[in-house]
Asker: 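There's a structure below that I have some questions on.
The analysis underlying the following values was restricted to heavy atoms, covering all of them including side chains, and did not include hydrogens, waters or symmetry mates.
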Protein chains: 2
Amino acid sequence: MKAKNQTPNHCLSPNEIESRLKSAGVQPTAQRIAICRFVLCEAKHPTAEQVKAWADLNFPKISLATVYNTLGILVQAGLLKEYRFPHTESSVYDNNLTSHHHFLDEATGELIDIEPDQLSVNLKLKPSFKIKEMEILLKGTRS
Amino acid sequence: MKAKNQTPNHCLSPNEIESRLKSAGVQPTAQRIAICRFVLCEAKHPTAEQVKAWADLNFPKISLATVYNTLGILVQAGLLKEYRFPHTESSVYDNNLTSHHHFLDEATGELIDIEPDQLSVNLKLKPSFKIKEMEILLKGTRS
DNA sequence: TCTAAATTTAGAATAGTTCTAAATCTGGAA
DNA sequence: TTCCAGATTTAGAACTATTCTAAATTTAGA
């Protein structure tokens with residue numbers, strides 16, 4: 001059954017989350033589904049603490065260890081990506097799985113995804129360098 | 001071993017270090033000069049622990065708090081730059097003060113400076129984005 | 001229903017760094 | 001020189017983000 005979004009914030013129904021977890025080889029427990037409702041949907045670059053804060057409102061008594069454990073499992077399963085940026089100690093999690101870059105608004109601390117078509121890079125390195133991945137962080141302000 | 005792709009750092013004499021500290025408004029104490037002999041000269045992207053380990057050999061009894069304190073002062077004075085990369089929790093310090101990027105050799109963990117002339121970036125962002133800084137991390141291997 | 005395996009949990013442990021407050025050192029004034 | 005206020009250094013405590021531990025609970029499947 002494919003329920004349509006109940007609120008504009010919900011992009012996946014619990015059933016859709018459940019099947020995504022199953023097909024990724026992750027057992028869909030109540031806690032994991034609850035966390036996914038946030039991190040795979042409306043959350044924008046949340047930290048573990050922000051996931052915990054959301055969970056406290058929506059799934060009372062979830063433990064911080066489970067939040068970390070679940071986030072790690074989702075990253076391992078390829079359903080979430082983990083980033084660490086210079087402006088904070090905390091890891092942030094991103095449900096945008098396509099290759100992309102980031103812009104940090106230094107005035108607000110907001111992180112914004114920059115899609116690859118918004119910039120082009122021309123590498124002129126010696127051929128001994130084999131580049132597998134490129135992470136670009138733009139910093140500035142937005143008006 | 002292949003030549004390192006880094007700007008070579010001239011070693012500074014204690015007197016040169018002293019005058020660089022003074023003109024940066026930093027009181028040149030014995031501990032600070034000792035730390036500078038490493039971090040402003042031969043050190044390549046050291047962590048605080050690596051600075052401490054070097055200091056233990058060259059300036060017995062220096063405390064870890066002084067190492068952190070001095071590194072912070074050098075960064076604030078503009079004599080050193082601090083970076084945080086995704087592959088490690090620890091800050092690394094860089095005496096290459098010119099704008100540049102980094103390559104992480106995923107096989108060895110080695111960080112290599114990439115000078116701006118080794119790549120070019122073309123931004124196509126909306127004009128509301130005001131970019132002040134750009135950090136690029138290339139990841140891969142080197143043969 | 002039963003049970004082995006997986007999951008969750010609270011709290012302890014850990015790593016990297018910063019803080020605290022007492023001891024020591026420093027550069028000028030006298 | 002001697003003195004002193006302020007700067008610096010220090011050991012260890014505290015802190016933050018995260019991982020680990022081991023016991024309790026839940027789950028899937030026979």
Asker: From the options A/Q118, A/H45, A/H101, A/K44, select the one residue that forms a side-chain hydrogen bond (donor to acceptor under 3.5 Å, both in side chains) with A/D113.
Answerer: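 That would be A/H45; it is the only one of A/Q118, A/H45, A/H101, A/K44 passing the side-chain hydrogen bond (donor to acceptor under 3.5 Å, both in side chains) with A/D113.
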Asker: Just N and O in the side chain of B/R32: are any of them under 4.0 Å from OP1 or OP2 of D/dT9?
Answerer: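 Result: yes.
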Asker: Please give, in whole Å, the distance from C/dT7 P to A/I35 CD1?
Answerer: 13 Å
Asker: Using a cut-off of less than 4.0 Å, is there contact between a side-chain N or O of A/Q27 and OP1 or OP2 of C/dT7?
Answerer: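 For C/dT7, OP1 or OP2 has a side-chain N or O of A/Q27 closer than 4.0 Å.
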Asker: What is the separation between atom NZ on A/K52 and atom C1' on C/dT8, rounded to the nearest whole Å?
Answerer: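 Rounded to the whole Å, the gap is 13 Å.
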Asker: Hey, are A/K22 and A/E18 close enough for a salt bridge, meaning a charged N less than 4.0 Å from a carboxylate O?
Answerer: yes
Asker: So, does A/Y68 get its side chain near the phosphate of D/dT18, meaning an N or O under 4.0 Å from OP1 or OP2?
Answerer: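 For D/dT18, OP1/OP2 do have a side-chain N/O of A/Y68 under 4.0 Å.
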Asker: Can you classify the ring geometry of A/H100 versus A/H102 as parallel (below 30°), tilted (30 to 60°) or perpendicular (above 60°)?
Answerer: perpendicular
Asker: Would B/T98 and B/N96 count as having a side-chain donor-acceptor pair, cut-off 3.5 Å?
Answerer: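 Side chains of B/T98 and B/N96: pair found under 3.5 Å.
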Asker: Closer than 4.0 Å, any side-chain N/O of B/T66 to the OP1 or OP2 of D/dT9?
Answerer: no
Asker: For the pair B/F103 and A/F129, name the ring-plane relationship: parallel under 30°, tilted 30 to 60°, perpendicular over 60°.
Answerer: perpendicular
Asker: Would you mind reading off the distance between B/Q31 atom CD and D/dT10 atom C1', rounded to a whole angstrom?
Answerer: 10 Å
Asker: Select from B/E89 and B/A65 the residue whose nearest nucleotide in DNA chain D is closer to the 5' end of that strand.
Answerer: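 Its nearest nucleotide lies further toward 5', so the answer is B/A65.
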Asker: Whole Å only: how far is the CZ atom of A/F59 from the P atom of D/dT26?
Answerer: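 Taking atom P of D/dT26 as the reference, CZ of A/F59 is at 11 Å.
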Asker: Taking OP1 and OP2 of C/dG16, is either one under 4.0 Å from a side-chain nitrogen or oxygen of B/S90?
Answerer: yes
Asker: Does C/dG27 have a Watson-Crick or wobble partner in any strand here, with both distances under 3.5 angstrom, and which is it?
Answerer: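 D/dC4 - that is the nucleotide pairing with C/dG27, both distances being under 3.5 Å.
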Asker: If I take atom CZ in residue B/R84 and atom C1' in nucleotide C/dG16, what distance separates them, rounded to the nearest angstrom?
Answerer: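 B/R84 atom CZ is separated from C/dG16 atom C1' by 9 Å.
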Asker: Is the phosphate of D/dT9 approached by B/T29 (side-chain N or O, under 4.0 Å from OP1 or OP2)?
Answerer: yes
Asker: In whole Å, I'd like the distance from the CG atom of A/N69 to the P atom of D/dA22.
Answerer: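 A/N69 atom CG is separated from D/dA22 atom P by 17 Å.
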Asker: Would you mind telling me which residue lines up with the more 5' stretch of DNA chain C, A/K61 or B/T88, judged by nearest nucleotide?
Answerer: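 Result of the comparison: A/K61.
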Asker: When all nucleic acid strands are considered with a 4.0 Å heavy-atom cut-off, which category describes A/S91: base, sugar-phosphate, or nothing?
Answerer: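 Sugar-phosphate contact only - A/S91 comes under 4.0 Å of backbone atoms but never of a base.
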Asker: Could you state the atom-to-atom distance from CG of B/L21 to P of D/dA7 in whole Å?
Answerer: 17 Å
Asker: Rounded to whole angstrom units, what separation is found between the CD atom of B/E18 and the C1' atom of C/dG27?
Answerer: 13 Å
Asker: Between D/dA11, D/dT18, C/dT8, which nucleotide has the shortest distance from any of its atoms to the side chain of B/S63?
Answerer: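 Shortest atom-to-atom distance from the side chain points to D/dA11.
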